[in-house]
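One structure is given here, and the rest of the page talks about it.
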Amino acid sequence: MRRIAETLQSLRSQLGKRTLVMGILNATPDSFYDGGRYATFQSALARAEQMIAEGADILDIGGESTRPGAEPVPLEEELERVIPVIQAIAQRYDIPISVDTTKSEVARQALAAGACIVNDISGMQFDPAMPEVVAEAGAGVVLMHIQGTPRTMQLNPTYTDVVAEVRATLQSHIERALHAGIPRENIWIDPGIGFGKTVEHNLTLLRHIPDLKALGYPVLIGTSRKSFIGHLLGGLPPEERLEGTLATVVLSVAWGADIVRVHDVLATVRAVRIADALCRGGSSA
Ligand code: 9MG
């Protein structure tokens with residue numbers, strides 16, 4: 001608990017001063033960009049080491065693909081994928097770890113193994129025991145917006161006013177978290193780019209990051225190599241979406257994002273350093 005509190009405090013002390021870069025570590029054989037390359041234990045460790053050397057502030061480790069159409073992974077399988085990786089990284093490196101899961105048992109074991117944040121793409125909706133697990137551990141939580149489930153979300157995303165609806169849902173997730181005893185300073189929010197959204201919904205949400213910031217919580221944005229970027233670039237595949245991703249990252253920072261979740265840590269660290277110098281007025285060089 002003390003370890004988690006100190007790690008969260010250290011992250012909090014940097015928020016607002018510079019953009020934090022969260023590196024994506026997929027322990028999934030079918031992740032849409034990594035293509036399973038980092039699915040083995042040894043290669044996950046090597047990838048973690050590389051992202052740390054490249055300047056990641058947080059590693060986000062997940063064992064269940066959240067790509068559109070993905071099927072759920074059984075609990076035991078997800079545990080086997082993520083817990084040994086989290087344990088090994090926590091033992092070897094001094095880097096904050098978030099666990100990307102919607103299952104409270106995975107979160108509970110991950111927090112015991114060395115994670116300090118739960119990144120829940122369902123905003124703690126898919127598993128009713130999640131708020132209690134996060135609260136009891138004194139952990140941080142990323143409350144993300146999703147319409148539907150990963151399996152169904154891109155079938156026909158529909159909103160009357162996407163910004164107002166995402167904002168209202170996030171507000172209700174926040175209230176549920178607070179009610180469960182999660183302190184407000186441990187909560188981050190995320191509009192869930194690509195999670196039950198059309199290209200236009202994604203663009204509108206990004207342009208309206210200031211409206212989400214107005215809820216009063218740090219905002220995390222995850223656009224890395226997502227399909228709307230490929231679509232806007234005439235159908236480019238995930239491995240050719242770096243420049244498009246960096247454009248969204250830099251503008252997200254300008255619009256107030258506090259944390260960006262990315263595959264390409266080195267390029268993103270360089271881009272946000274410049275964006276921070278321009279937008280936050282600081283220069284750490
Ligand atoms: C797991 N995952 C995939 N995309 C994501 C995003 O945009 N935000 C968060 N918080 N998690 C994500």
Side-chain angles (χ1 to χ4, degrees), residues 11 19-28 30-34 38 56-70 72-73 78 81-82 85-86 96-103 106-107 110 115-127 130 134 139-151 153-154 157 162 166 169-170 173-174 177 186-197 199 201-203 205-206 209 212 217-230 238 241 244-245 248-249 252-253 255 257-264 268:
L11 290 172
T19 308
L20 299 183
V21 175
M22 176 186 269
I24 301 169
L25 186 54
N26 287 313
T28 53
D30 62 344
S31 72
F32 81 103
Y33 172 54
D34 294 340
Y38 302 115
D57 296 294
I58 305 164
L59 296 184
D60 188 42
I61 303 174
E64 179 174 65
S65 174
T66 53
R67 64 193 282 193
V73 170
E78 194 178 333
R81 289 179 186 179
V82 296
V85 174
I86 291 174
I97 296 170
S98 63
V99 59
D100 157 19
T101 189
T102 59
K103 296 187 184 74
V106 175
C116 62
I117 297 169
V118 177
N119 175 26
D120 187 334
I121 58 131
S122 79
M124 303 200 295
Q125 298 301 298
F126 291 174
D127 184 337
M130 185 66 96
V134 173
V141 66
V142 181
L143 299 174
M144 202 196 79
H145 176 276
I146 183 172
Q147 188 179 80
T149 67
R151 201 169 61 78
M153 64 192 180
Q154 290 308 109
V162 68
V166 167
T169 302
L170 289 175
H173 292 346
I174 291 165
N186 288 1
I187 297 173
W188 297 351
I189 57 171
D190 181 338
I193 299 300
F195 285 83
K197 279 103 186 172
V199 172
H201 293 144
N202 290 323
L203 296 176
L205 284 165
L206 289 171
I209 289 172
L212 304 175
Y217 294 82
V219 171
L220 186 152
I221 295 291
T223 55
S224 190
R225 299 185 179 259
K226 287 190 177 166
S227 65
F228 78 102
I229 294 172
R241 295 176 190 161
T245 299
T248 64
V249 163
S252 295
V253 172
W255 285 322
D258 297 282
I259 309 106
V260 290
R261 181 182 182 277
V262 294
H263 297 91
D264 303 280
T268 303

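Values reported hereafter were calculated over all heavy atoms of this structure, with side chains retained and with hydrogens, waters and symmetry mates removed. Remember, predicted model here, so these are calculated numbers, not experimental data. By convention here, the first residue in the shown sequence is residue 1. Just follow the structure's listing: the first ligand is 1, and inside any ligand the first atom is 1.
- Using a 4.5 Å heavy-atom threshold, the side chains of Met153 and Pro68 count as touching.
- For Asp60 and Ser98, the side-chain atoms include at least one donor-acceptor pair closer than 3.5 Å.
- Residue Ile229 holds its CD1 atom at 3.5 Å from OG1 of Thr245, rounded to the nearest 0.5 Å.
- The salt bridge (charged side-chain N to carboxylate O under 4.0 Å, His left out) test with Glu64 singles out one residue from Arg81, Arg151, Lys103, and that residue is Lys103.
- Shown are Thr19, Leu20, Val260, Ile259; of these, the side-chain contact (heavy atoms from CB on, under 4.5 Å) with Asp57 is made only by Leu20.
- A heavy-atom cutoff of 4.0 Å around ligand 1 is satisfied by the protein residues Thr66, Asp100, Asn119, Ile121, Val142, Met144, Asp190, Phe195, Leu220, Gly222, Lys226, Arg261.
- For His201, the ring-ring contact (aromatic ring centres under 6.0 Å, His included) criterion is met by Tyr159, not counting sequence neighbours.
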